[in-house]
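Fair warning: this is a prediction, and the values are worked out from it, not measured in the lab. Order of the sequence lines sets the chain letters (A, B, ...), proteins ahead of strands, with each chain counted from 1. In what follows, every heavy atom counts, from backbone to side chain, and hydrogens, waters and symmetry copies are set aside.
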2 protein chains.
Amino acid sequence: MSKEIISSTFPSPQHNHSECVDAALGEAERLCRIRDLRLTPLRKRVFELIWQSHRPVTAYELLDRLVQDGRRAQAPTVYRSLEFLTECGLVHRVESMNAYVGCNQPSRGHEVGFFICEACGDVAELADPALSSSVTKGAKQLGFTVHSRLIEVRGTCRACTAIKTDDPKRML
Amino acid sequence: MSKEIISSTFPSPQHNHSECVDAALGEAERLCRIRDLRLTPLRKRVFELIWQSHRPVTAYELLDRLVQDGRRAQAPTVYRSLEFLTECGLVHRVESMNAYVGCNQPSRGHEVGFFICEACGDVAELADPALSSSVTKGAKQLGFTVHSRLIEVRGTCRACTAIKTDDPKRML
DNA sequence: ATAGTAATGTTATAATATAACAATTACTTT
DNA sequence: AAAGTAATTGTTATATTATAACATTACTAT
Ligand SMILES: [Zn+2]
Ligand SMILES: [Zn+2]
Ligand SMILES: [Zn+2]
Ligand SMILES: [Zn+2]
């Protein structure tokens, strides 16, 4: 049984995003139930806000939206929720952006890489064993024991390559 | 002619670091001369400070040292020098640490990955075509055009694995 | 109900980074 | 050399990202 390449493709521009949100929320609730983790209303709301798009969102953007909700939120509120969500694997931090994006396959423990479109800002997540093993091989040369990997690739997604016009959803 | 794996090994704990500094400085001056870039006294000093170890150093640590030198430096002074040094490839930014480390092979354009020892803090740089091509392959699956890659691997270097004692140079 | 734990609220501040404009220095042209 | 120009650095202020510390509230378990 060969290892599988698990990838979230980039969402097509016309896709029905509410399905993404529903799926992510359902999966999050299921996982938290199984693992006996508490997806409180606040944490759930932060998770929903992160899933409002496939673009990473910053902590302070989330804070603004919580305040718009009518909550009396402050920075620590957001950072605590983000800590919870990233620790249980529901959300990933994109280091090169200081921002957070929903995980597409939280139920599988995986070494992910991110592909970040510089035209539309969307991120796809790729768990490719070949990529992991390349890292491991590189490490071996150095006599280095790998604990964790961070891979963030910047470029242009298929859709944005297709529309060569200057009408991206957002410039980074 | 097969592509070469270019790697800076982790420095041995007893290595003569002043040789690293001399080599880096010499190379920096050579490159700047060739490319007609201005390695001013300030920039050179920042570069030297970065090379005081193989550990990434933050902008504000550099600022402190400049002030210790007797300069009237402020944050923008440091960030401007860092911008110059990173843009001409003499220094790399380690995104996951908000810190900066000297480049070991600035004369070659390369897609580098960083291996960061969590025990001693030292960083090695690896330019492995196999790693780059794994990224490219992953991208191809997604229909993604790669502009740049960021790879930061955390773990334990050979020396720190060897000394299982709790006497690392520095804990991260 | 009461005690204990986890989560959230609240205030303050640390750490990282940049904008804007002034002064100085270095380079070019005369 | 002097003047003009561009690049660099100085300076002040502020934006952005993140955490520490302690108070309060909500949930659990006896
Ligand atoms: Zn979607
Ligand atoms: Zn795109
Ligand atoms: Zn050295
Ligand atoms: Zn080490």
What is the 5' to 3' range of DNA chain C, first to last nucleotide, that sits under 4.0 Å from any heavy atom of chain A?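 Going 5' to 3' along DNA chain C, contacts run dA6(C) to dT11(C).
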Whole angstroms only, please: what is the [atom1]-[atom2] distance between [X] and [N]?
X: N98(B); N: dA18(D); atom1: CG; atom2: C1'; value: 10 Å
X: L82(A); N: dT16(D); atom1: CG; atom2: C1'; value: 15 Å
X: D64(A); N: dT16(D); atom1: CG; atom2: P; value: 10 Å
X: L62(A); N: dT17(D); atom1: CG; atom2: C1'; value: 13 Å
X: K44(B); N: dT9(D); atom1: NZ; atom2: P; value: 14 Å
X: E87(B); N: dT8(D); atom1: CD; atom2: C1'; value: 14 Å
X: R71(B); N: dT11(D); atom1: CZ; atom2: P; value: 12 Å

5' priority, DNA chain D, between A75(A) and A75(B) [closest heavy atom]: A75(B)
With sequence neighbours excluded, residues passing ring pair (Phe, Tyr, Trp, His ring centres under 6.0 Å) with H147(A):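 Result, ring pair (Phe, Tyr, Trp, His ring centres under 6.0 Å) vs H147(A): none returned.
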Check R30(B) with E27(B), please: is the shortest side-chain N to carboxylate O separation under 4.0 Å?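 Yes, this pair counts.
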Rounded to the nearest 0.5 Å, how far does [atom2] of [Y] lie from [atom1] of [X]?
X: Y100(B); Y: L82(B); atom1: OH; atom2: CG; value: 5.0 Å
X: L39(A); Y: L31(A); atom1: CG; atom2: CG; value: 10.0 Å
X: D22(B); Y: H17(B); atom1: CG; atom2: NE2; value: 9.5 Å

Could you tell me whether a side-chain N or O of E125(B) sits under 3.5 Å from a main-chain N or O of N104(B), the two making a donor and an acceptor?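 Confirmed, E125(B) side chain pairs with N104(B) backbone.
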Applying salt bridge (charged side-chain N to carboxylate O under 4.0 Å, His left out), name anything that partners E152(B), two or more places apart in sequence or on another chain.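 Not a single residue meets the salt bridge (charged side-chain N to carboxylate O under 4.0 Å, His left out) criterion with E152(B).
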Residue pair R71(A) / P41(A): nearest heavy atoms and the distance that separates them: NH2-O, 4.0 Å
Return the residues of residues 24-40 of chain B meeting this criterion: a heavy atom under 4.0 Å from some atom of DNA chain D. Order them by number, or give none. R38(B), T40(B)
Without hydrogens or angle criteria, can the side chains of T77(B) and R72(B) be said to hold a donor-acceptor pair below 3.5 Å? no
Donor-acceptor pair between T145(A) and R158(B) side chains, under 3.5 angstrom: no
Under 3.5 Å, sequence neighbours excluded: what are the donor-acceptor pairs made by side chains of residues 42-49 of chain A?
residue : atom : partner : partner atom : Å
R43(A)  : NH1  : R38(A)  : O            : 2.7
K44(A)  : NZ   : E29(A)  : OE2          : 2.8
R45(A)  : NE   : D69(A)  : OD2          : 2.6
R45(A)  : NH1  : E48(A)  : OE1          : 2.9
R45(A)  : NH2  : D69(A)  : OD1          : 3.1
R45(A)  : NH2  : D69(A)  : OD2          : 3.4

If only side-chain N and O atoms of R43(B) are considered, is one of them under 4.0 Å from the OP1 or OP2 phosphate oxygen of dT9(D)?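 Yes, R43(B) has a side-chain N/O under 4.0 Å of OP1/OP2 on dT9(D).
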List, with names and distances, any nitrogen or oxygen atoms from the protein found under 3.5 Å away from nitrogen or oxygen atoms belonging to nucleotides 21-23 of chain D.
residue : atom : partner : partner atom : Å
dA21(D) : N6   : R80(A)  : NH2          : 3.2

